[in-house]
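Read through the structure below, which is laid out as structure tokens, and then see the notes.
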Amino acid sequence: MSLYPELKGLYHLRETIGSGGFAKVKLAYHALTGEKVAVKIMDKRTLGAELPRVTTEIAAMKELCHQHICKLFQVIETDTRFFLILEYCPEGELFDYIVSKDRLNEAEARIFFRQIVAAVAYIHDCGFAHRDLKPENLLLDEDQNIKLIDFGLCAKPKGGMDSLLATLCGSPAYAAPELIAGRQYLANLFQVDQWSMGVLLYALLCGFLPFDDENISQLYKKIKNGTYTSPEWLSEGSKEIISQLLQVDPKRRISIPALLKHPWLTKSFNVPIEWQSKYKKCLDDDCITELAVHHGKTRGQMEEQISEWKYDYMTATYFLLLEKKMKGKPVRLL
Ligand SMILES: CN(C)C[C@H]1CC[C@H](N2C(=O)N(C)Cc3cnc4ccc(-c5cc(Cl)c(O)c(Cl)c5)nc4c32)CC1
């Protein structure tokens, strides 16, 4: 009797590979392709007040499709549980990688940080702010590429623009000055990710945090004043980009467009960061053909069904066939 009958025949569950907060993450094999996936299992009873984080994460991940963001393949909801079927990242957390190497040299930190900036540029372009960027939320795939996870705290401020304007139309007399500032208020919501990337880059290059203190109010004081020290091994270039990210005033903090072409990031690459998604908008013919043959449907019927993006088993099978193709494996269902 399988513990999770909802997965029977669809996914072959293996060991637990991690747990975080209100979730357990297990390795599994997608039955039709044999591809490895990560299954994030959450029990609705223990979620309680955290439930909105799950619906936020699912809604956000359904809209995000990028080479440096952990892909959501399928959502299974029962009356007691959520199952998120996710892209498997065998090399685990970037956090553990930094700890294992004490700290990274500039060249290695640059490779990782370019991928992190690309992922953040993409989610900002999609209208989302992640708001929880840290090494624990950056995983590594089999080629040591960055995969951003955990969208439970992300916000879609642009979506908030309407409610922002509604507030002003409603009772402007009670609206705070930053609400009236409107555009600037929204821009600042996105700037929080730049600050976190500054802390991230510092951690990559130093192996410890710029702002740290056992006493939480001392820690807040350091953050609010932006006071941190730079170890002697940091180059002038590294110190300069970190200081542009760790600007206390969000208006003075470097913007994503400026970051994408910053000399510290383009050094030895000599090209601005290619942040756009490498996934094509149109459907992949080989995958559609293989799915149509396997399900005894026409290509047209298959394209119509996939285009509904129901995040059901069919969506997962399409994405995993595409993963196989991108890894140079045969586009075949078992
Ligand atoms: C401490 N964290 C907040 C949670 C921790 C849970 C295990 C996970 N993991 C590991 O710790 N390995 C060691 C292996 C591993 C392999 N592939 C994974 C693929 C996806 C995810 C994942 C986990 C969560 Cl909580 C998500 O929200 C999303 Cl969108 C994705 N975790 C994976 C994962 C890393 C993060």
Side-chain angles (χ1 to χ4, degrees), residues 4 7 11-30 33-44 46-77 81-101 112 115-116 119-120 122-123 126 128-156 193 196 199-200 203 209 277 279 311 315-316 319-320 323 326-327:
Y4 304 110
L7 303 180
Y11 296 94
H12 306 309
L13 271 186
R14 291 289 178 275
E15 71 276 11
T16 296
I17 49 180
S19 60
F22 299 83
K24 178 163 53 173
V25 181
K26 283 178 166 298
L27 169 66
Y29 288 85
H30 175 260
T33 58
E35 289 290 289
K36 286 180 182 172
V37 293
V39 184
K40 181 179 178 182
I41 305 167
M42 290 163 280
D43 184 311
K44 285 183 175 176
T46 52
L47 271 174
E50 294 286 309
L51 194 62
R53 274 189 71 160
V54 179
T55 43
T56 303
E57 179 167 58
I58 291 171
M61 294 194 83
K62 282 182 174 178
E63 291 192 44
L64 301 170
C65 188
H66 188 271
Q67 57 276 14
H68 294 309
I69 291 173
C70 181
K71 188 78 197 80
L72 172 68
F73 297 134
Q74 181 176 358
V75 178
I76 300 172
E77 181 177 355
R81 286 191 188 99
F82 280 106
F83 299 87
L84 301 193
I85 314 298
L86 296 149
E87 181 177 7
Y88 178 60
C89 306
E91 299 300 310
E93 295 179 9
L94 176 64
F95 179 85
D96 298 326
Y97 182 76
I98 303 170
V99 169
S100 70
K101 301 197 69 171
F112 283 132
Q115 295 180 3
I116 295 164
V120 175
Y122 170 79
I123 60 173
C126 295
F128 290 98
H130 186 279
R131 304 200 305 179
D132 194 18
L133 293 172
K134 54 188 177 184
E136 297 88 330
N137 284 341
L138 291 161
L139 302 187
L140 299 170
D141 69 6
E142 64 275 356
D143 304 317
Q144 291 233 329
N145 287 314
I146 288 283
K147 298 284 180 183
L148 178 57
I149 66 162
D150 205 341
F151 291 82
L153 287 178
C154 80
K156 192 160 192 178
D193 285 338
S196 305
V199 177
L200 250 171
L209 294 169
S277 174
Y279 283 84
Y311 279 84
T315 303
F319 276 128
L320 286 160
E323 289 244 322
M326 288 163 102
K327 288 182 203 164

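We count ligands from 1, going down the list as the structure has it; atoms in each ligand are counted the same way. The basis for the numbers below is simple: all heavy atoms, side chains too, and nothing from hydrogens, waters or symmetry mates.
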Carboxylate-amine/guanidinium proximity below 4.0 Å for Lys71 and Glu323: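 Answer for the salt bridge query: no.
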| request: Look at Lys327 together with Glu35 and state whether they make a salt bridge at an N to O cut-off of under 4.0 Å. | output: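 So Lys327 pairs with Glu35 through a salt bridge.
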(message) Please tell me whether Tyr11 and Tyr4 form a close aromatic pair, meaning their ring centres lie under 6.0 Å apart.
(response)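 Between Tyr4 and Tyr11, which both carry aromatic rings, the centre distance is not below 6.0 Å.
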Worksheet item: Can we call the ring centroids of His130 and Phe151 under 6.0 Å apart?
Response: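 Yes, the ring centres sit under 6.0 Å apart.
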For ligand 1, output the ligand-protein N/O contacts shorter than 3.5 angstrom; if there are none, return none.
unit_1   : atom_1 : unit_2 : atom_2 : d
ligand 1 : 12 (N) : Ile17  : O      : 3.4
ligand 1 : 17 (N) : Cys89  : N      : 2.9
ligand 1 : 27 (O) : Lys40  : NZ     : 2.7
ligand 1 : 27 (O) : Glu57  : OE2    : 3.0

Parallel, tilted or perpendicular for Phe73 and Phe319, by the 30°/60° rule?
->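 Answer is tilted, since the angle falls between 30° and 60°.
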### Message
Using modelled atom types and a 3.5 Å cut-off, is there a donor and acceptor pairing between side-chain atoms of Tyr122 and backbone atoms of Cys65?
### Response
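Yes; judged by distance alone, with no hydrogens or angles, the pair exists.
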